[in-house]
Protein chains: 2
Amino acid sequence: MTTVDEPARPHGRIRDAARTRSEILDVATQEFARAGYDGARVDEIAARTRTTKRMIYYYFGGKEQLFTAVLERAYGVIREAEQELDVEHLDPVAAIRRLAEVTFDHHEQHPDFIRLVSIENIHGAEHIAASEKLGRIGSPALDVIRRILASGQESGLFTADVDAVDLHAMISSFCFFRVANRHTFGALFGRDLVAPEQREHYRAMLGDMVIAYLTADRAGD
Amino acid sequence: MTTVDEPARPHGRIRDAARTRSEILDVATQEFARAGYDGARVDEIAARTRTTKRMIYYYFGGKEQLFTAVLERAYGVIREAEQELDVEHLDPVAAIRRLAEVTFDHHEQHPDFIRLVSIENIHGAEHIAASEKLGRIGSPALDVIRRILASGQESGLFTADVDAVDLHAMISSFCFFRVANRHTFGALFGRDLVAPEQREHYRAMLGDMVIAYLTADRAGD
DNA sequence: CGACTAATGTACGAACCAGTACGTTAGCTA
DNA sequence: TAGCTAACGTACTGGTTCGTACATTAGTCG
């Protein structure tokens with residue numbers, strides 16, 4: 001049930017602040033992602049850890065701060081993934097396509113993160129705003145995009161004059177929508193955007209779209 | 001405060017089932033969009049109508065059914081707007097661009113609807129699934145896309161072999177993301193995707209993207 | 001090894017909130 | 001105009017849920 005299994009001691013508790021804290025965060029991430037901020041139950045989170053509700057308040061102070069901590073860790077994970085991006089040895093077209101694919105994969109593999117972001121937007125990003133760790137944090141991917149874009153535009157390969165933030169938004173929007181709106185889209189149109197057999201199709205579609213946009217013939221402009 | 005102002009009668013209530021029902025729906029839409037399903041308060045909805053909580057249960061049965069009714073009406077509005085689409089006299093490229101722009105405008109003008117969709121996705125689209133009015137409802141826009149696409153592909157103008165549902169997803173994803181993730185995106189990257197002065201920029205970007213994708217030179221394939 | 005503190009558990013309270021029992025009245029209809 | 005019913009209001013309840021007061025123990029350091 002819980003995240004880690006350990007040879008349960010018959011009596012006497014084990015003290016490990018770091019692990020307790022991290023276990024609370026694991027379960028809280030699931031619970032908030034499952035039910036939204038207001039739908040999430042502090043008692044439920046406590047029940048699914050091997051500690052008690054008291055510890056949530058001891059370590060985090062309250063539900064609100066717990067949610068903020070969950071967000072901070074979730075954004076940390078994606079930052080780490082982005083820091084491992086290694087695409088700048090590729091030509092600009094291949095590099096952008098690869099970047100889009102990595103973004104695509106990351107969204108697919110972290111639906112809980114997508115849900116947390118949706119939830120945080122419902123609440124006007126107030127937790128991000130209140131967090132010292134998260135304000136204007138940017139993203140390592142942005143720097144990568146900036147450099148690829150510059151190189152592609154310089155060489156004349158990329159005709160679109162788009163900046164890195166907007167291109168990031170374009171790529172993210174497709175990846176995000178596919179995961180976040182999976183349920184309503186499926187219910188209304190009868191198509192599961194996250195069906196495994198459609199995965200390659202949508203992955204290629206995203207790459208095609210971004211490359212087509214960047215390299216389009218703009219004779220008319 | 002309430003949606004409609006009327007010369008308040010000093011004593012004695014006015015009876016108008018249709019208006020009471022519709023007023024509840026108006027306020028409920030705002031409240032659910034504001035705070036999410038679990039964050040929304042039935043008492044708060046009641047307080048902001050000129051009727052009482054009793055009436056919400058009288059007309060809708062409960063919070064869950066009220067939310068479903070809110071969704072049904074919201075989807076009805078977008079369907080009506082889509083039915084007024086009149087783009088098939090244009091050439092395929094212009095028609096698709098126009099369709100994208102109309103979609104773009106509709107998303108921008110109905111942020112509450114976007115929020116409701118986000119919320120419904122957090123809850124796995126269970127209300128849509130439970131609704132008789134909303135299951136597999138499709139969308140009038142889809143038929144329009146289907147026809148434009150067929151015409152564009154037949155004439156050889158459109159090189160992408162994409163179907164209407166996927167193209168609809170592509171267009172929607174950009175429009176949706178811009179509105180739905182406005183807050184987190186702004187907080188993290190310092191750019192307001194819905195700033196009025198950026199509106200034309202993003203509207204053009206969407207059109208360029210879709211047209212580039214549809215008409216891309218696919219020599220390599 | 002004794003004492004101190006960080007870490008943990010238990011039990012409870014107070015507020016909140018969805019839903020309802022019961023009573024009332026407007027307005028139509030015969 | 002009597003009476004009937006759809007529409008409405010008031011007041012309450014039972015359960016839930018965040019948060020905390022208080023008690024306890026593990027591990028560490030002098």
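What you see below is based on every heavy atom in this structure, not just the backbone, and it leaves out hydrogens, waters and symmetry mates. Keep in mind that what you see is a predicted model, and the values were worked out from it rather than measured. Chain naming here is simple, since letters A, B, ... match the order of the sequence lines and numbering starts at 1 in each.
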### Query
So does B:R15 get a side-chain nitrogen or oxygen closer than 4.0 Å to the phosphate oxygens (OP1/OP2) of C:dG27?
no
### Task
For the side chain of B:M55, starting at C-beta, report the closest nucleotide among D:dA6, C:dG9, D:dG9.
D:dG9
### Polar pair under 3.5 Å, donor/acceptor by atom type, side chain B:R54, base D:dT10
no
### Query
Ignoring hydrogens and angles, does a donor from either the side chain of B:K53 or the base of C:dG19 sit under 3.5 Å from an acceptor on the other?
yes
### Message
Check the phosphate of D:dA7 against B:T20, side-chain N and O only, distance under 4.0 Å to OP1 or OP2. Yes or no?
### Response
no
### Message
By the 4.0 Å heavy-atom rule, please label B:Y58 as base, sugar-phosphate, or nothing.
### Response
base
### Task
Remember a base hit wins even if backbone is also touched, and classify B:A46 as base, sugar-phosphate or nothing at under 4.0 Å, heavy atoms.
nothing
### Task
Applying side-chain hydrogen bond (donor to acceptor under 3.5 Å, both in side chains) between B:D26 and each of B:R48, B:R73, B:R21, report the one that passes.
B:R73
### Task
Please confirm whether B:H123 and B:F67 have ring centers closer than 6.0 angstrom.
no
### Query
Which part of the nucleic acid does B:F60 contact within heavy-atom distance under 4.0 Å: base, sugar-phosphate only, or nothing?
nothing
### Task
Establish, with yes or no, whether the OP1 or OP2 oxygen of D:dC8 is under 4.0 angstrom from a side-chain nitrogen or oxygen of B:Y59.
yes
### Query
Do any side-chain nitrogens or oxygens of B:T51 fall under 4.0 Å of OP1 or OP2 in D:dG9?
yes
### Task
Rounded to the nearest 0.5 Å, what's the gap from CG on B:D16 to OG1 on B:T51? Could you check?
11.5 Å
### Query
Which part of the nucleic acid, if any, lies within reach of A:A18 when heavy atoms closer than 4.0 Å are counted: base, sugar-phosphate only, or nothing?
nothing
### Query
Using a heavy-atom distance cut-off of less than 4.0 Å, which residues of residues 63-70 of chain A contact DNA chain C?
none
